[in-house]
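Following: one structure in structure tokens, then a few remarks.
Every value quoted in this text rests on a predicted model; they were computed, and no experiment measured them.
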Amino acid sequence: MNTPAMPASSSTSEIVAAMRSARRIAVVAHVRPDGDAVGSVLGLALSLRAMGKEVIALLEDGVPENLAFLPGTNTVVQPGSEPLNVDLAIALDTATHERIGERCKALLDPAPMLVNIDHHPTNPGYGALNLIDAASPATGQIIYNLLSEHGLPINDAVRQNLFIAISTDTGSFQFSSTNARTHRIAAEMIEAGLDTARLATLVYQSCPLRRLDLMRAMLNEMQFRADGRIASWQLTQKLMDDIGMQPGDTEGLIDTLRMIDSVVSCVIFEDVADGKVRISARSKDARLDVSAVCAQFGGGGHRMASGARMRGPIGEAAEKFLQVLEHEVRRID
């Protein structure tokens, strides 16, 4: 599968034509999938299945427990050793090709065509066809617009998944990336009969006790610098083991740090299995571009929400990152 450095933008008609002509399609998203990744994969996969396509919904790390209520999660598979033999691969919400995961990438590399649909501005356009809309607050919104524009199936199960994709990536419609179209999509879904209150309860008001144990640890251990304008927390492997943390348990925790009135940027550093440190960074001030900070450490993402991975140990990685971040925060005084 060829991955040109920066192909010309593709029309939605080209992408839909590729979907219509394919018989067997794999839909994939990034490792450690969040609500936008899972909801986008399942929303598109369920629509394509309603068109009569044979669809493999593929996630390197599977579906996190906090999103298991979504329709279609029982059909998501993790990569094995058997070849997939698909006619078309579609990567969603994945800023770089490698982010779909090593095993997924190995299985999908032989595919004759890769379609890349994303909203991360740092996405280089690694597909044969690319639909990158950095103005969209969520990949789920791009998928909904694509399906609507071309009259592709949108049933209740598709709506549930795409609503969760949009809602979670907009902070429940709070983030500055949320636009008028976002609210119109939600209204269209409600008019079609979607029970958004039920979905909001499941995703925002239902969690295991261990998640509150994580939050308690974060509130006890959070640190501040730059005169209280930066809040950070280091999530160690020991704490994960002690609590029995599961994938998805940290989703949204960073927003608790973000709500502190003096904070303009917050960061969570997390030990990961390969000995590296996962960094999640947020900004509350449009003048502070955390994607530029993350880019200095090999990461990227959005101006107000970005991430990176650094070599551990966690304390050293945190100090290196925070020094750069503090320099940028003090520049906006």
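- Each of D156, V158, L152 was evaluated against I154; a single residue qualifies, V158, per the side-chain contact (heavy atoms from CB on, under 4.5 Å) test.
- Cluster annotation: M304 and V263 are assigned to distinct hydrophobic clusters (Ile/Leu/Val/Met/Phe/Trp/Tyr, side-chain heavy-atom contacts under 4.5 Å, transitive).
- Checked for salt-bridge contact, K105 and E98 miss the test: no charged N lies under 4.0 Å from a carboxylate O.
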Go through it in stages, so that I can follow the logic: the residues are C266 and K284, the test is side-chain contact (heavy atoms from CB on, under 4.5 Å), and I'd like the CA-CA distance, side-chain angles, deciding distance and then a yes or no. CA-CA 9 Å; C266 51; K284 283 168 61 177; over 6 Å; no
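- With rounding to the nearest 0.5 Å, the separation of CZ in R49 from CD1 in I25 is 10.5 Å.
- Neither side chain, Q141 nor N145, offers a donor N or O lying under 3.5 Å from an acceptor on the other.
- A distance of 7.5 Å separates OG in S177 from NE2 in H302, rounded to the nearest 0.5 Å.
- Put simply, the side chain of H97 reaches to within 4.5 Å of the side chain of D109, judged on heavy atoms.
- A salt bridge links E65 and R210; the closest N-O separation between the charged side-chain nitrogens and carboxylate oxygens is under 4.0 Å.
- Residues L162 and V203 share a hydrophobic cluster, clusters being chains of Ile/Leu/Val/Met/Phe/Trp/Tyr side chains in contact below 4.5 Å.
- Between E188 and R181 there is a salt bridge, since a side-chain N of the basic residue sits under 4.0 Å from a carboxylate O of the acidic one.
- We find that D285 and R287 are joined by a salt bridge, their nearest charged nitrogen and carboxylate oxygen being less than 4.0 Å apart.
- The shortest heavy-atom contact between N66 and G248 is OD1-CA, 3.5 Å.
- Judged by distance alone, the side chain of S232 and the main-chain N or O of V267 form no donor-acceptor pair under 3.5 Å.
- The main-chain N or O of A22 is never found under 3.5 Å from a side-chain atom of D87 such that the two would form a donor-acceptor pair.
- Residues D118 and Y126 form no side-chain contact, since every pair of their non-hydrogen atoms from C-beta on lies 4.5 Å or further apart.
- With values rounded to the nearest 0.5 angstrom, D93 atom CG is found 4.0 Å from H30 atom NE2.
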Candidate pair T94 and V28, rule side-chain contact (heavy atoms from CB on, under 4.5 Å), full reasoning: CA-CA 9 Å; T94 306; V28 66; 6.0 Å; no
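- There is no path of hydrophobic side-chain contacts, each under 4.5 Å, that joins I230 to L257.
- In this structure, V272 and R309 approach most closely via the heavy-atom pair CG2-NH1, 3.9 Å.
- With R330 as the partner, the side-chain hydrogen bond (donor to acceptor under 3.5 Å, both in side chains) test is satisfied by one option alone out of E328, E326, H327: E326.
- For the side-chain contact (heavy atoms from CB on, under 4.5 Å) with V293, the qualifying choice from I279, L325, L322 is L325, the only one to do so.
- With a 4.5 Å cut-off on side-chain heavy atoms, T182 and I166 count as touching.
- Put simply, the side chain of N130 gets close to the backbone of G127: a donor and an acceptor are under 3.5 Å apart.
- Although no hydrogens or angles enter the test, the distance criterion places no donor-acceptor pair under 3.5 Å between the side chain of R159 and the main chain of G193.
- In this structure, the separation between NZ on K320 and CZ on F269 is 12.0 Å, given to the nearest 0.5 Å.
- Annotation: the span from L42 atom CG to L59 atom CG amounts to 7.5 Å, rounded to 0.5 Å.
- Using a 4.5 Å cut-off on side-chain heavy atoms (C-beta onward), F224 and I260 make contact.
- Looking at R99 and H120, their side chains never come closer than 4.5 Å, going by heavy atoms from C-beta outward.
- Looking at heavy atoms from C-beta onward, F175 lies out of side-chain contact with P137 at the 4.5 angstrom threshold.
- Ion pairing between a basic and an acidic side chain is recognised when a charged N comes within 4.0 Å of a carboxylate O; D289 and R303 show such pairing.
- Going from atom CG of L46 over to atom CE of M51 covers 13.0 Å, rounded to the nearest 0.5 Å.
- When all heavy atoms of V41 and A57 are compared, the pair lying nearest together is CG1-CB, 3.9 Å.
- Judged by distance alone, with hydrogens and angles left aside, the side-chain atoms of S167 form no donor-acceptor pair with the main-chain N or O of F163 at under 3.5 Å.
- Hydrophobic clustering of Ile, Leu, Val, Met, Phe, Trp and Tyr side chains at less than 4.5 Å, counting indirect connections, unites I142 with L92.
- Across H183 and F173, no two heavy atoms sit closer than the pair CE1-CB, 4.0 Å.
- The shortest distance between side-chain heavy atoms of N161 and P71 falls below 4.5 Å.
- Taking 4.5 Å as the limit, every side-chain heavy atom of V63 sits out of range of all side-chain heavy atoms of L70.
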Under the side-chain contact (heavy atoms from CB on, under 4.5 Å) rule, what do R23 and E54 come out as? Steps first, then yes or no, please. CA-CA 6 Å; R23 180 186 63 84; E54 184 179 352; 3.3 Å; yes
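- Distance alone, capped at 3.5 Å, places no donor-acceptor pair between the S265 side chain and the S283 backbone.
- A donor-acceptor contact shorter than 3.5 Å is absent between the side chain of R282 and the backbone of A305.
- P64 and P33 make their closest contact through CG-O, 3.6 Å (heavy atoms, listed as atom of the first residue, atom of the second, distance).
- Clustering ILVMFWY residues whenever any of their side-chain heavy atoms sit less than 4.5 angstrom apart, transitively, puts L147 in a cluster other than the one holding I190.
- Nearest heavy-atom pair across G140 and D36 is N-OD1, 2.9 Å.
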Between T168 and D34, does a side-chain contact (heavy atoms from CB on, under 4.5 Å) hold up when you go through it step by step? CA-CA 8 Å; T168 54; D34 57 6; over 6 Å; no
